J.: 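Before anything else, here's the structure in question.
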Amino acid sequence: MTSETSETGQADEAATDEFRATLHSLRVWDSPLPGFDPAATPPEPLALFREWFVHAARAGQLEPHTMSLATVDGEGRPDVRTLMLHDADARGWHFASHATSAKGVQLAGRPEAALGFYWPTVGRQVRVRGRVTACGPEESRADLAVRSRGALAAALTGRQSEVLGSVEELARVSAAAWERAGAEPDAPAPTWTRYVLDPTEVEFFQGDAARRHVRLRYSRAAGGSWERELLWP
């Protein structure tokens, strides 16, 4: 073994030790958490989600509209990424992406997905599962119209999830897209698509420092009504 190999091994070991020491030093929910009475919840999950969302934002949670989206590819392998919630209404939970992206292709092949929200400031999670529908071009373009110039530039860049040759190529194409977005605020982005997840299950999780977490699951019955049940943490 050369001295260089030995030094590399020692550096890797030190980095591993630092990682594990940091990981095991972290604590969860050292501050007071809100209570949650599942007996006082509304009969359907949307109202409770909106209430929890506003509460998290007012409690100082950064980017509470950030969520994880899980899909399945053509080989049955799960995939997950982080994106932004665009709305939550009677139709479902809304988000958007390119139809040609990995998530867009996966949703076209199997239009079912799961969403996950985590708001550590208040120790709360929300999980949503259901069928996803792609909105038409008019609604998809309207989704983009209310967003920032940067969002439009990113949409105009397109090619999401494709292999990128270099960061210089990205900078060049992005700069052109920013310029076009400024000159043409109504520029079309044909692959940009708004999606709506119509929920069949919504779970609300309230963390507890003593690990007596409260989990309430809403499940949609055959007639469209919602059933509620508690789950063991």
Side-chain angles (χ1 to χ4, degrees), residues 26-72 78-97 103 107 110-135 139 142-143 146-147 194-233:
L26 300 176
R27 295 294 176 263
V28 179
W29 306 326
D30 285 340
S31 59
L33 298 176
F36 176 43
D37 180 6
T41 54
E44 51 85 25
L46 177 61
L48 184 57
F49 174 81
R50 287 175 166 175
E51 177 188 329
W52 274 29
F53 183 92
V54 172
H55 178 268
R58 291 178 175 173
Q61 177 62 54
L62 295 177
E63 300 183 354
H65 56 322
T66 299
M67 62 185 187
S68 297
L69 167 69
T71 54
V72 176
D79 205 351
V80 67
R81 72 288 289 164
T82 302
L83 69 169
M84 299 295 182
L85 176 71
H86 288 201
D87 198 1
D89 58 18
R91 295 166 59 193
W93 275 248
H94 299 233
F95 58 94
S97 184
K103 68 180 85 64
L107 288 171
R110 186 169 181 176
E112 295 178 280
L115 304 176
F117 296 84
Y118 178 45
W119 302 317
T121 299
V122 291
R124 286 178 169 174
Q125 300 180 53
V126 180
R127 300 168 61 209
V128 188
R129 294 203 297 175
R131 189 169 183 82
V132 178
T133 300
C135 298
E139 188 172 2
D143 174 273
V146 298
R147 302 184 70 201
R194 186 177 180 112
Y195 295 93
V196 182
L197 187 152
D198 183 19
T200 55
E201 291 183 9
V202 184
E203 181 190 325
F204 295 85
F205 172 103
Q206 173 62 69
D208 179 86
R211 300 304 189 265
R212 291 188 290 269
H213 314 309
V214 179
R215 296 176 62 189
L216 175 67
R217 180 172 64 193
Y218 286 77
S219 299
R220 182 174 285 177
S225 61
W226 290 94
E227 299 176 348
R228 285 169 288 177
E229 55 192 352
L230 294 172
L231 302 176
W232 279 91

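On a predicted model such as this, the values are computed, not experimentally measured, just so you know.
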J.: Where is the tightest heavy-atom contact between G123 and L33, given as atom of each residue plus distance?
T.: N-CD2, 3.9 Å
J.: Just wondering, do V196 and C135 contact through their side chains at under 4.5 Å, heavy atoms?
T.: yes
J.: Which label fits W29 and F205: parallel for a plane angle under 30°, tilted from 30 to 60°, or perpendicular past 60°?
T.: tilted
J.: Measure the OH-OG1 distance between Y118 and T82 for me, rounded to the nearest 0.5 Å.
T.: 14.0 Å
J.: Working to the nearest 0.5 Å, report the span between NZ of K103 and CG of L69.
T.: 7.0 Å
J.: Rounded at 0.5 Å granularity, tell me how far CD in E201 sits from CZ in R129.
T.: 4.0 Å
J.: Without swapping roles, check the side chain of R228 against the backbone of T41 for a donor-acceptor pair under 3.5 Å.
T.: yes
J.: Measuring from F95:CZ to H65:NE2, what's the distance to the nearest 0.5 Å?
T.: 15.0 Å
J.: Would you call R217 and E229 a salt bridge, taking side-chain N to carboxylate O under 4.0 Å as the test?
T.: yes
J.: Could you tell me whether the side chain of R58 and the main chain of A56 form a donor-acceptor pair under 3.5 Å?
T.: no
J.: So, does R124 use its side chain to make a donor-acceptor pair with the main chain of F53 at under 3.5 Å?
T.: no
J.: To the nearest 0.5 angstrom, please state how far the OG1 atom of T121 sits from the NE2 atom of H55.
T.: 10.5 Å
J.: Are D79 and V72 side-chain neighbours, meaning at least one heavy-atom pair lies under 4.5 Å?
T.: no
J.: Determine whether V202 and V126 satisfy the following criterion, side chain to side chain contact (heavy atoms under 4.5 Å, CB included), listing intermediate values before the conclusion.
T.: CA-CA 7 Å; V202 184; V126 180; 4.0 Å; yes
J.: List the steps and the verdict of side chain to side chain contact (heavy atoms under 4.5 Å, CB included) for M84 and E63.
T.: CA-CA 9 Å; M84 299 295 182; E63 300 183 354; 4.0 Å; yes
J.: After noting the C-alpha distance and the side-chain angles of T133 and D198, does the key distance pass the side chain to side chain contact (heavy atoms under 4.5 Å, CB included) rule?
T.: CA-CA 8 Å; T133 300; D198 183 19; 5.9 Å; no
J.: Got a sec: does the CZ of R215 have more than 12 other heavy atoms crowding it under 6.0 Å?
T.: yes
J.: Of all the heavy-atom pairs spanning A114 and L197, show the shortest one and how long it is.
T.: N-CD1, 4.3 Å
J.: Report the residue from D87, D143, D89 that forms a side-chain hydrogen bond (donor to acceptor under 3.5 Å, both in side chains) with H94.
T.: D89
J.: Can you find a heavy atom in the side chain of M67 that is under 4.5 Å from one in the side chain of L83?
T.: yes
J.: By the definition ring-ring contact (aromatic ring centres under 6.0 Å, His included), identify the one residue from W52, F117, F36, W119 that meets it with F204.
T.: W52
J.: Donor-acceptor pair, distance only, cut-off 3.5 Å: does the side chain of E203 make one with the backbone of S219?
T.: no
J.: Within a radius of less than 6.0 Å around CZ of R127, do more than 12 heavy atoms belonging to other residues, nucleotides or ligands occur?
T.: no
J.: Give the C-alpha distance, both sets of side-chain angles, the deciding distance and a yes or no for side chain to side chain contact (heavy atoms under 4.5 Å, CB included) between R81 and T71.
T.: CA-CA 9 Å; R81 72 288 289 164; T71 54; 2.9 Å; yes
J.: Is there a side-chain contact between P42 and W226 in this structure, where contact means two heavy atoms from C-beta onward sitting under 4.5 Å apart?
T.: no
J.: Tell me, do P34 and Q206 make a side-chain contact under 4.5 Å, heavy atoms counted?
T.: yes
J.: Is it true that a side-chain atom of R50 and a backbone atom of A88 form a donor plus acceptor pair closer than 3.5 Å?
T.: yes
J.: So, do F49 and V128 sit near enough that their side-chain heavy atoms are less than 4.5 Å apart?
T.: no
